[in-house]
Amino acid sequence: MVIRKPLNLAKFKVPKGRVIVLAERCKECGLCIEYCPKQILEYSEDYNEKGFHYPVVKAGMENECIFCLFCQEICPDFAIFSEKEE
Amino acid sequence: MEIAYFPGCTLKTTARALETSALAVAKTLGIAIKELPSWTCCGTCYSLAEDDLIKQVAPIRTLARTANLGYSILTTLCSVCYNTLAQANLFVKAVPTRLEKINAFMEEEANYAGNVEVKHFLTLLQELGAEKVSEAVKRPLSGLKVACYYGCLLLRPQNVAIDDPEQPSILENIMKSIGAEPVFFPYQVECCGSYHTAVKPEIVARRAHLILENAIENGADIVVTSCPLCSFNLKERQKDIKRLYPGFKGLPVFYFTEVMAEAFGITKILKGI
Amino acid sequence: MRIGVFICHCGKNIAGVVDVKELVERASKLKDVVYATDYVYLCSEPGQKEIQEKIEELELTHVVIAACSPKMHATTFARAVKGVGLNPYLLEIANIREHCSWVHHDKPEIATEKAFRLIKAAVAKVRLAEPLEPIKVPLTRKVLVIGGGIAGIRTALDIANGGFEVYLVERTPSLGGHMAQLSETFPTLDCSACILTPLMVEAAHHKNIHVITYAEVKNIKGIIGNFKVTIEKKPRYVIPEKCTGCGDCMDVCPVIVPNEFDQGLGARKAIYVPFPQAVPLVYTLDLENCLNTQKLVVCEQCYKACGPRAINYLMEPQEIEIEVGAVVIATGFDLLPIENLKEYGGGKYPDVVTGLEFERLLSASGPTGGVVRRPSDGKIPKRVVFIQCAGSRDPEHGCPYCSKICCMYTAKQALLYKHVVPDGEAYVFFIDVRAAGKRYEEFVQRVMGEERIVYLRGKVSKVFQREDKLVVWGADTISGMAVEIEADMVVLAPAVVPSKGTADLAKLLKVSVDEFGFLSEVHPKLRPVESVSPGVYLAGAAQAPKDISETAAQASAAASKVLSLLSQKEATLEPIVAHVDKELCIGCGLCWKACPFKAITMVREEKREGKKRRRYAKVEEAVCQGCGVCMAICEKKAINVAGFTYDQLSAQVKALLEDE
Amino acid sequence: MRLVLKRQDDLLKKVEEISGENVFACYQCGKCSAGCPMSTEMDLLPNQVIRLLQLGANEQLLDCRTIWLCASCFTCTARCPKGVSLTRLMEGVRLVLLRTTKEDQVSPKEMEKEFLPQVALISALRKFTT
């Protein structure tokens, strides 16, 4: 049971990224959702032109991307990438 | 396997509600418990003397009868009965001569060999598992904040404790499984004043006030307990509390089985809470 | 054969129970005994002299001494008889103290009979004794020190300064141990880092010390003088030679986890140094928390950021084999997990902290920079309750012993707290204040008198949360009142327990531990820093709870023992080892299988004309520990431990059992 | 207040015999008193009861209210670091008094005032009468 969080969290900065999804390229393989270490992605409710649910960032987690680029690297269709935010 | 059930005196009078609801709950959950055909006082208050074997005769006689009827487990609803029977059982098993003497004394009973296990009904529910309990729920008590009060006799002394004596969770788990929300309150293991209620009601009222206030502070809507004596002290003494502490608002107190019966759709007593 | 029997009174220890005069009289009638006498303290100078004089005067060939345990004075008496030219293996000790007078103090008559039988058995055994010579083996002049805390560092430095090579092995990524976590040290209030970090640096730069951090001892074989040690270096995923300690990797690492060094009160990244003064100042990638747990995709932020290209995700554990002549165990302590202290809400309430956690809050290099903040909300606690003996002196929590350091560090913490929070209140619950060190009592008096900290003599029974306060139910047995304190924070002084892994290491080194898991010394007064395993020494809190001063002293003591061993030409081994009678041995190999030390090999005879080459067992004397397992299992009585032969033992048993 | 100490261990021995507990195992840490739910009502703290037994201060002990206020809740026993069951010791002192004086501490009459659960009546009678 975790009962505490570190007192000096504010001192620790992590890289920030912004996830960009090219929805039309997605074929709903789910790899990005599976591999995102922060679990910030989920399937969209919408369909893309091909009729697939594409990934979207979960509501409220827009600032949680840590720019690890896992989604970008795992995507077989070059449909998702992250941009570093300074 | 059928389990013997020992009600004890109070379950047939002031704590009738505990028995009725518990039997209904047991039936719903398919726990086969059957009242012993003939039983006497459990022998409470448990004697803490090494040299007072006569006080152990009552509980041991009950255990002897249980064994004689072919049962290996005896369950109780009343915490006081549980504690007395369980402690007496350990006491005679620890030293064989104690058992010999008591057996010799109880001429009319078959000898007791120490082969009955005393289990509180809560332990039976725990063994059944939270999932089985959840399955039986018809009206989940969502949003109901329950303070689970253990008192002393389920948790102390350690050798008969049904759960961790300092941070128990057995009642909380059952409350969760029927959809209620247990609230933690530190006074859950504090003594209510017990039998002092018979002669020093004002002391018990002060104790009960502390316990109930602590439950209220922690956001409880109701208190649940398994002990007819705790229940009396926390529930019936509330009028005395109000006299002593005019600001005291009061808090409903139920047996845990009553709340379960409610969730199982058997009764409707929680209206308005 | 001329045997002399010497019976010791041990003051009243033996003579107060056993009838010594009767023993003398009966012993003098035993076969081959030409002389029997008693003396009040045989181990004293006049006592030893008496033994020596009688050996010379009466031309004794064998000696039996009936006294305390051979553990206590076997070496003393061996030296005495050797002094007058008698082979010390012709001496037998009958333990009539621990094995007799102490345990049968209430039955003097039976005790006297038993003491006599023990003497009789010793005489029977010594009659069959042969003179033996110690075994000499070459000595590896290098030392392994396990544990890189203050005990290990001090030992390593002292040995290295003596001119010998030391391998200092530390489990975590940095030297320092618990001492590095402390704020200031009692009773002088020196900053812990100021004392320790220079020593860490000195050790790291010492030409005779090899510091091996983030590594564990996997295996040890061999005996005093010649141990073969396998050390496993855990992969840091950072090449130490390339890492400059710049911290660029850490800045870009996206993973934040609690820092163990800060007791979880501070954070670190997945690639980290535990604290800025760490030695070596090399980063470590904690793969358990790193995003790179699978191989398909990798987070390369640290790799890309690292200028010197020091990061290597494919690093494997590395085994190092070293040879040393002696080992020092300095593995230190842990605190009893406060989750075990349920009545105090340990592990349940965030603001119930341990003494070590409080040290991090007080430390200038801690997560709060030395500002005391409580873990739940970061507020500065205005009322702090300290609870001593949280699990110590408490058999019900498994630690009946006194943890020794808590009285002092609690006093220090209360004082430091008052210094950083001058308007704060501190209360200390104690059972007894134990401040027996140099300037310790004065320090405690200063805390009570000058800092006006309220000491309550009593134990706390329960701690629970009420809104954002912790309610403490305690007692003050001095005023005879139960007390309640509404505190912002509660600091427990949990019992000191052996550090995790001590039991495994003890097994590996064949060192015994006490019932609480602390390493046992051979004798608390005569051989306080030696383990029962020859060549293995003890330093620091792995042996028993100790403060820093005591640890440093014991570490130096262990080092001096190692130095005196390494200063010898050769290692001397007890000749109590197994010998094979080649004629009787049938080469069945039972002993070879049974030997726990792998000291036995099965060999074939040299070729002899016309005869079959027989197989027989051969004992490597330098490896044999004389345990006797081979002897017990041999069906042909072909293998015998010198000094404890089959004939000797059966004569001894017969003598014990037969009535006169 | 001055207590003249002399060997007076008859009560101590009797209490130890009845309870099966070792009074001298107690090192007076006071944890029992710290957690006792009845301590607010008591004249002697629970640890003082043991202390008086250790000292042989029988008169002071037998006069106290504390032993009659103990509710046998076992809180002290559960938390005692030395594993001493003060609960049993309290019973021992009570029994010595009940057996020697034959004076009941409660009467059934007193308890008639209200409708009580049997378990309360029986427990009280068993604890407080000879």
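Protein chains get the first letters and strands the later ones, always in sequence-line order, with residue 1 at the start of each. Quantities reported herein were computed from a predicted structural model and do not represent experimental measurements.
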Asker: Which one, A:Leu7, A:Leu69, A:Ile66, A:Leu9, leads in non-hydrogen pairs under 4.5 Å with chain C?
Answerer: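 When all of A:Leu7, A:Leu69, A:Ile66, A:Leu9 are compared, A:Leu7 has the most.
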Asker: Taking the side chain as every heavy atom from C-beta outward, state whether A:Arg4 and C:Leu265 have any atom pair closer than 4.5 Å.
Answerer: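 The answer is yes; the side chains approach within 4.5 Å.
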Asker: Tell me, do A:Phe12 and C:Val255 make a side-chain contact under 4.5 Å, heavy atoms counted?
Answerer: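 No, too far: nothing below the 4.5 Å cut-off.
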Asker: Exactly one of C:Val252, C:Ile256, C:Asp251 should register a side-chain contact (heavy atoms from CB on, under 4.5 Å) with A:Val14. Which one does?
Answerer: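 Looking at C:Val252, C:Ile256, C:Asp251, the match for A:Val14 under the side-chain contact (heavy atoms from CB on, under 4.5 Å) is C:Ile256.
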Asker: Heavy atoms only: give me the nearest A:Phe70-C:Asn292 pair and the separation to one decimal.
Answerer: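 Taking every non-hydrogen atom into account, CZ-OD1, 3.8 Å.
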Asker: Has A:Lys58 got more than 12 heavy atoms of other residues, nucleotides or ligands less than 6.0 Å from its NZ?
Answerer: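 Atom NZ in A:Lys58 is packed in, count exceeds 12.
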Asker: Please answer whether the main-chain N or O of A:Phe67 pairs with a side-chain N or O of C:Gln301 as donor and acceptor at a distance below 3.5 Å.
Answerer: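 Side chain of C:Gln301 to backbone of A:Phe67: a pair is present.
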Asker: Roughly how far, to the nearest 0.5 Å, is NZ of C:Lys269 from NZ of A:Lys13?
Answerer: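 That separation rounds to 9.5 Å.
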Asker: Could you check whether atom CD of A:Glu24 has more than 12 heavy atoms from other residues, nucleotides or ligands sitting under 6.0 Å from it?
Answerer: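 Result for CD/A:Glu24: enclosed.
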Asker: Compare every heavy atom of C:Ala267 with every heavy atom of A:Pro6, then report the nearest pair and how far apart it is.
Answerer: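 Minimum heavy-atom contact is CB-N, 3.6 Å.
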Asker: With only heavy atoms counted, which part of C:Thr368 is less than 4.5 Å from chain A, the side chain, the backbone, both or neither?
Answerer: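 The side chain, not the backbone.
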Asker: Which atom names give the shortest non-hydrogen contact between A:Cys68 and C:Leu291, and what distance separates them?
Answerer: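 Heavy atoms of A:Cys68 and C:Leu291 come nearest at CB-CD1, 3.7 Å.
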Asker: At a 4.5 Å cut-off on heavy atoms, which part of C:Val352 comes close to chain A: side chain, backbone, both, or neither?
Answerer: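 Only the backbone of C:Val352 comes within 4.5 Å of chain A.
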Asker: Give the minimum heavy-atom separation between A:Pro15 and C:Cys253, together with the two atoms involved.
Answerer: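 Residues A:Pro15 and C:Cys253, closest heavy atoms: CD-O, 3.9 Å.
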Asker: As an exercise: rank C:Arg373, C:Arg374, C:Arg268, C:Glu300 by heavy-atom pairs under 4.5 Å with chain A and give me the winner.
Answerer: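 Heavy-atom pairs under 4.5 Å are most numerous for C:Arg268.
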Asker: Answer yes or no: is there a side-chain heavy-atom contact under 4.5 Å between A:Asn8 and C:Asn259?
Answerer: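 No; the side chains remain at least 4.5 Å from each other.
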Asker: Main chain of C:Pro258, side chain of A:Lys5: is a donor-acceptor contact present, judged purely on distance under 3.5 Å?
Answerer: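 A pair under 3.5 Å: no.
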Asker: What do you reckon, is OH of A:Tyr54 surrounded by more than 12 foreign heavy atoms closer than 6.0 Å?
Answerer: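 Enclosed: over 12 neighbouring heavy atoms sit under 6.0 Å from OH of A:Tyr54.
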Asker: Heavy-atom count check: over 12 atoms from other residues, nucleotides or ligands less than 6.0 Å from A:Tyr43 OH?
Answerer: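 Above 12, so yes.
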